[in-house]
Amino acid sequence: LHVRSRRQRQMCIRDRYGTGAQPSYWSRLKELKIPVCLIVGRNDQKFVEINKKMAESIENVQLKLVEDAGHNIHLESPKKFDIIITEFLK
């Protein structure tokens with residue numbers, strides 16, 4: 001696919017890979033048997049609720065709510081994000 005303009009590329013990416021274009025895997029979350037770490041900023045209420053709901057379906061899950069962060073935790077609280085990831089991977 002050859003897309004000429006920046007706007008066309010953005011629209012193509014949104015249409016192919018945007019949230020509304022992705023299949024839902026909610027029903028398969030219970031199949032996860034590996035450890036899962038869900039990280040969400042406490043100020044991103046929409047995703048706090050989504051992650052809480054996800055955590056109910058996953059057997060081996062850690063849900064980490066990061067204070068003073070919104071949707072972009074890795075940018076807003078990079079040190080906290082690094083600590084969470086490092087501890088999870090130990």
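Small disclaimer: the values here were computed from a predicted structure and weren't measured.
Smallest separation of non-hydrogen atoms from Ala55 and Val61: O-CG1, 3.6 Å.
Note on Val40 and Tyr25: separate hydrophobic clusters, where clusters join Ile, Leu, Val, Met, Phe, Trp and Tyr whose side-chain heavy atoms are under 4.5 Å apart, directly or indirectly. Tracing side-chain contacts under 4.5 Å through hydrophobic residues (I, L, V, M, F, W, Y), one never reaches Leu63 starting from Val66; they form parts of separate clusters. Cluster annotation: Leu89 is not connected to Ile58 through the hydrophobic network of ILVMFWY side chains, with a link wherever side-chain heavy atoms come within less than 4.5 Å. Residues Phe88 and Phe81 fall within the same hydrophobic cluster, defined by Ile, Leu, Val, Met, Phe, Trp and Tyr side chains chained together at heavy-atom separations under 4.5 Å.
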Report, one line per pair, each donor and acceptor closer than 3.5 Å where one atom sits in a side chain of residues 46-53; sequence neighbours left out.
from: Glu49; atom 1: OE2; to: Gln45; atom 2: NE2; distance (Å): 2.8
from: Asn51; atom 1: ND2; to: Phe47; atom 2: O; distance (Å): 2.7

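A donor-acceptor contact shorter than 3.5 Å links the side chain of Ser5 to the backbone of Gln8. When atom types are taken as modelled, the side chain of Glu87 and the backbone of Ile84 share no donor-acceptor pair closer than 3.5 angstrom. Judged by distance alone, the side chain of Glu76 and the main-chain N or O of Gly70 form a donor-acceptor pair under 3.5 Å. Proximity of a side-chain donor or acceptor of Thr86 to a complementary backbone N or O of Asp82 within less than 3.5 Å is detected.
When side chains are defined from C-beta on, Leu38 counts as touching Val36, because their heavy atoms get closer than 4.5 Å. Between Leu29 and Met54, some side-chain heavy-atom pair lies under the 4.5 Å cut-off.
Atom OG of residue Ser77 and atom CG of residue Asn43 lie 9.0 Å apart, to the nearest 0.5 angstrom.
Counting only residues at least two apart or in different chains, salt bridge (Lys or Arg N to Asp or Glu O under 4.0 Å) contacts with residues 59-71 comprise Lys33-Glu59, Arg42-Glu67.
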